[in-house]
Amino acid sequence: MNLFALLKAFLVGGSLCLLGQLLIDRTKLTPARILVAYVVAGVVLGGLGLYQPLIDFAGAGATVPLTGFGALLAKGTREAIEEMGALGILSGGLTACAPGVAGAILLSLAAGLLSRSKDKP
């Protein structure tokens, strides 16, 4: 991987994070609503085919943030609909995202088992 690809990923991913931080700091939106808005924006942009060019340009800078998760949901649903018809609406997004969700659960479990909790004063 070359330095230019890393720079593109950093700038795009950083811009998405910067936008989220600005929304937290300058609006009354809660972080949870912003996270949901990011996923929904990714689903809409992914469903319309507008997010894939950003993924092609920035790589992990576009796939790692929550907008990338939403775009993956839309892509999985679209592909499943092509293969299975209307039944793909129910299973496509879940099938596409299952490895990432399973990985997050397993890593969270490992972090919980390896860390020590402390009572807050």
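Given the structure is predicted, the values throughout are model-derived calculations rather than measurements.
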Honestly curious: do [X] and [Y] fall in one hydrophobic cluster under the side-chain, below-4.5 Å linking rule?
{"X": "L18", "Y": "L6", "value": "no"}
{"X": "V12", "Y": "F4", "value": "no"}
{"X": "V40", "Y": "Y51", "value": "yes"}
{"X": "L66", "Y": "L29", "value": "yes"}
{"X": "V43", "Y": "L48", "value": "yes"}

First locate atom [atom1] of [X], then atom [atom2] of [Y], and finally report the distance between them rounded to the nearest 0.5 Å.
{"X": "F69", "Y": "T63", "atom1": "CZ", "atom2": "OG1", "result": "13.0 Å"}
{"X": "L23", "Y": "I34", "atom1": "CG", "atom2": "CD1", "result": "5.0 Å"}
{"X": "R26", "Y": "Q21", "atom1": "CZ", "atom2": "CD", "result": "10.5 Å"}
{"X": "L22", "Y": "S15", "atom1": "CG", "atom2": "OG", "result": "10.5 Å"}

**Prompt:** Are any non-hydrogen side-chain atoms of V39 and T67 less than 4.5 angstrom apart?
**Reply:**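 Sidechains of T67 and V39: no contact.
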**Prompt:** Is any side-chain heavy atom of K8 closer than 4.5 Å to a side-chain heavy atom of L11?
**Reply:**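 No, too far: nothing below the 4.5 Å cut-off.
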**Asked** Short question: side chain of Y38, backbone of G20 - any donor-acceptor pair under 3.5 Å?
**Response**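 Flag set: sc Y38 to bb G20 pair under 3.5 Å.
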Return all side-chain donor-acceptor pairs below 3.5 angstrom for residues 71-95, not counting sequence neighbours, or 'none' if the list is empty.
unit_1: T77; atom_1: OG1; unit_2: L73; atom_2: O; d: 2.9
unit_1: T77; atom_1: OG1; unit_2: G93; atom_2: N; d: 3.3
unit_1: R78; atom_1: NH1; unit_2: G46; atom_2: O; d: 2.9
unit_1: T95; atom_1: OG1; unit_2: S91; atom_2: O; d: 2.8

**Message:** If I compare all heavy atoms of P65 with all of A60, which pair ends up nearest, and what's the gap?
**Reply:**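 For P65 versus A60, the nearest heavy atoms are CD-O, 3.9 Å.
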